[in-house]
Amino acid sequence: MALSGWFVALVAFGIVPIVITGEPAVLVLWLPFVIVLGLIDMAFAVSVRSLRFERTSPDRLRLGETTSATLRITNPARRRLRAIVRDGWQPSAGAHTNRARLTVPGRERRELTTVLTPLRRGTREAAHITVRSYGPLRLIARQTTVVVPGSFTVLPPFNSRKHLPSRLARLRELDGATSVMIRGQGTEFDSLRDYVRGDDVRSIDWRATARRSELVVRTWRPERDRRVVIVVDSGRTSAARIDDEPRIDTAFESALLLAALASSAGDHVDFIIYDRRVRARVQGAAGPDLLSKMVDGMAPVQPELIEMDWSSVPGLVRQATSQRALVVLATTAESPGASRGLLAMLPQLTTKHTVVVASVADPTIVDATRDRSTRDAVYQAAAAERALLDQSRVATAINQLGASVVSKRPTELPLALADHYIALKAAGKL
């Protein structure tokens, strides 16, 4: 039970001014009457425990989208329900407002709609609702919290899908599916055709030329049925926010675009999220089913504040495939200390696989190197230069171990990784 409206009642009955002017005896005379009036008012308030509740919420949506959840309140009593309802969604569910005044006539039902714009991936929940039921005079209210569970899943946004059509067009050009002068480079023989000016003389098939007495060249197509293994680091470094986005979310965005491209190119994609245990794994899926399973696996994963166990990664790759593969490691490659485990593990992968390390670059570090206007700015610029030097040292060490590095700011990394994959495929290095 919650007391409310006492101050308004005392002012209405003239008690507060009399108390202030030094006549407390009047309060003693009026207080029993007000208490009785309040109890009568509470008796006319509808009992919250008698109400019936139904909740409807979406099953899933992408981060950044807006949805609505509906709460149906049925009043089985004959009296009118006058109430304030608080719908207890988590703060990260992004409820625009969680309190509303509601009036429900006797034996009728009303709906309360809450607009939600979630702020984080994962499962967003509402465990209960709180209802404060008033009487006609609004002097005293009945308040009860009722368990009415509800939840929905927030998936990664995949904003980079807008770049997918242009990259798929480039893949079709490499595969010779569009009208271009020359087939894309690759290592798989495709067909023979007549020589035209500008063709690489190394592609001339001399045996076929001798049979036809005309120059004939071989055409090639990019490799198909290759293996792509994407490993996302979910350790402590993936929790850092760059441009107001966690590193792990940028890694997910890059992985989705790369998986969509590779699957469309006829390659097999395996996806693993790992720190010291496998947090999610997708194997044996292709086409739309691949992306669906990937976003379902990504949705509940949040960074763990532990060090990444790089020594187990070669074993995870061997479990995914025994063939030569493109292995993409989405992690942080900035400081030599934090990258020590990564550098020690890389030779085990590069001896057999093509390895790419995808890392998010912090644009604020580059911006800090340009400002030398004040003493504090000079110190920050020096620290930023040191950080860039460390990043360069780590990238050089990765390249010396036979892997390549793709490092861009969050909005650019997915596209840069996709372009790197297309370049590897065009050069026949997969």
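Computed from heavy atoms alone, side chains included, the values below leave out hydrogens, waters and symmetry copies. Here the structure is a predicted model, which means the values were calculated and not measured.
Taking CG of L81 as the start and OG of S133 as the end, the distance is 5.0 Å to the nearest 0.5 Å. Going from atom CE of M298 over to atom CZ of R121 covers 8.5 Å, rounded to the nearest 0.5 Å. Taking CD1 of I248 as the reference point, atom CG of D233 lies at 7.5 Å (rounded to 0.5 Å). Atom OG1 of T56 sits about 9.0 Å away from atom CG of L71, to the nearest 0.5 Å. Note that the OG1 atom of T70 and the CG atom of L112 stand 8.5 Å from one another [nearest 0.5 Å]. Remark: N159 CG to L63 CG distance equals 8.5 Å, nearest 0.5 Å.
In this model, no donor atom of one side chain and acceptor atom of the other lie less than 3.5 Å apart for S359 and T332. Between R124 and Q90, the side chains place a donor N or O and an acceptor N or O closer than 3.5 Å (distance only, hydrogens not considered). Of the N and O atoms on the side chains of D275 and S234, at least one donor lies less than 3.5 Å from an acceptor on the other residue. If you check the side chains of R80 and T103, you find no donor sitting under 3.5 Å from an acceptor. For the residue pair D309 and S312, a side-chain donor N or O sits within less than 3.5 Å of a side-chain acceptor on the partner.
The number of heavy-atom neighbours closer than 6.0 Å to CZ of R72, taken from other residues, nucleotides and ligands shown, is above 12. For R393, the CZ atom is loosely surrounded, since the number of other residues' heavy atoms within 6.0 Å does not exceed 12. K408 NZ: 12 or fewer foreign heavy atoms inside a 6.0 Å radius.
Using a 4.0 Å cut-off between charged side-chain N and carboxylate O, R372 and E385 make a salt bridge. Salt bridge status for D419 with R170: present, with a side-chain N to carboxylate O gap under 4.0 Å. The pair E307-R276 fails the salt-bridge criterion, with no side-chain N (NZ, NE, NH1 or NH2) lying under 4.0 Å from an Asp/Glu carboxylate O. A salt bridge links R60 with D296: the distance from a Lys NZ or Arg NE/NH1/NH2 to an Asp or Glu carboxylate oxygen falls below 4.0 Å. Ion pairing of D87 with R55 is present here, as a side-chain N (NZ or NE/NH1/NH2) and a carboxylate O approach within less than 4.0 Å. Salt-bridge formation is detected for the pair E334/R247: a Lys NZ or Arg NE/NH1/NH2 atom is positioned less than 4.0 Å from an Asp or Glu carboxylate oxygen. Using a cutoff of 4.0 Å between basic side-chain nitrogens and carboxylate oxygens, D41 and R138 are not scored as salt-bridged.
The closest donor-acceptor contact from the side chain of R142 to the backbone of M42 lies under 3.5 Å. Listed for the E253 side chain is a donor-acceptor partner under 3.5 Å among the backbone atoms of S160. For the pair S292 (side chain) and P288 (backbone), a donor-acceptor distance under 3.5 Å is absent. The backbone N or O of D244 sits less than 3.5 Å from a side-chain atom of R241, completing a donor-acceptor pair. Judged by distance alone, with hydrogens and angles left aside, the side-chain atoms of R52 form no donor-acceptor pair with the main-chain N or O of T74 at under 3.5 Å. In this structure a side-chain-to-backbone donor-acceptor pair under 3.5 Å is missing from R167 to L164. Remark: the backbone N or O of H163 is paired with a side-chain donor or acceptor of S166 at under 3.5 angstrom. Although no hydrogens or angles enter the test, the distance criterion places no donor-acceptor pair under 3.5 Å between the side chain of E108 and the main chain of P105. D362 contributes a side-chain N or O that, together with a main-chain N or O of T364, makes up a donor-acceptor pair within less than 3.5 Å. A distance-only check finds no donor-acceptor pair linking the side chain of R226 to the backbone of A262 [under 3.5 Å].
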R324 and T354: CA distance, side-chain angles, deciding distance, side-chain hydrogen bond (donor to acceptor under 3.5 Å, both in side chains) verdict: CA-CA 8 Å; R324 179 177 177 81; T354 301; 2.9 Å; yes

Trace of the side-chain contact (heavy atoms from CB on, under 4.5 Å) decision for V131 with I129: CA-CA 7 Å; V131 180; I129 64 170; 4.2 Å; yes

Derivation and outcome, ring-ring contact (aromatic ring centres under 6.0 Å, His included), residues W89 and F152: CA-CA 11 Å; W89 285 99; F152 61 95; 5.5 Å; yes

Derivation and outcome, side-chain hydrogen bond (donor to acceptor under 3.5 Å, both in side chains), residues D371 and S373: CA-CA 6 Å; D371 186 9; S373 57; 2.8 Å; yes

Evaluation steps, side-chain contact (heavy atoms from CB on, under 4.5 Å), between V406 and L413: CA-CA 8 Å; V406 177; L413 182 62; 3.9 Å; yes

Full working for side-chain hydrogen bond (donor to acceptor under 3.5 Å, both in side chains) between S151 and T123: CA-CA 7 Å; S151 65; T123 302; over 6 Å; no

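Considering all non-hydrogen atoms of both residues, A95 and T114 come closest at CB-CG2, 3.9 Å. Residues Y274 and M308 approach most closely at O-SD, 3.3 Å, considering heavy atoms. When all heavy atoms are compared, the tightest approach of P58 to S68 is CD-O, 3.6 Å. The shortest non-hydrogen separation linking A361 to P363 is O-CD, 3.3 Å. The minimum heavy-atom distance linking K293 with A285 is given by the pair CD-CB, 4.0 Å. Contact record, V229 with A320: CG2-CB, 4.2 Å, taken as the closest heavy-atom pair.
Proximity of I73 to R110: side-chain heavy atoms (C-beta onward) are nowhere separated by under 4.5 Å. The shortest side-chain heavy-atom distance between L291 and L256 falls under the 4.5 Å cut-off. By the 4.5 Å heavy-atom criterion applied to side chains, E304 and R236 are not counted as neighbours. In this structure, V282 and L290 have side chains that are in contact, with non-hydrogen atoms separated by less than 4.5 Å. Residues V46 and R82 fail the side-chain proximity criterion, which asks for heavy atoms closer than 4.5 Å. Considering only heavy atoms from C-beta on, V394 stays 4.5 Å or farther from T396 through its side chain. Side chains of E54 and R109 form a contact here, defined as non-hydrogen atoms less than 4.5 Å apart. Counting heavy atoms from C-beta outward, V355 and Q348 have side chains that stay 4.5 Å or more apart.
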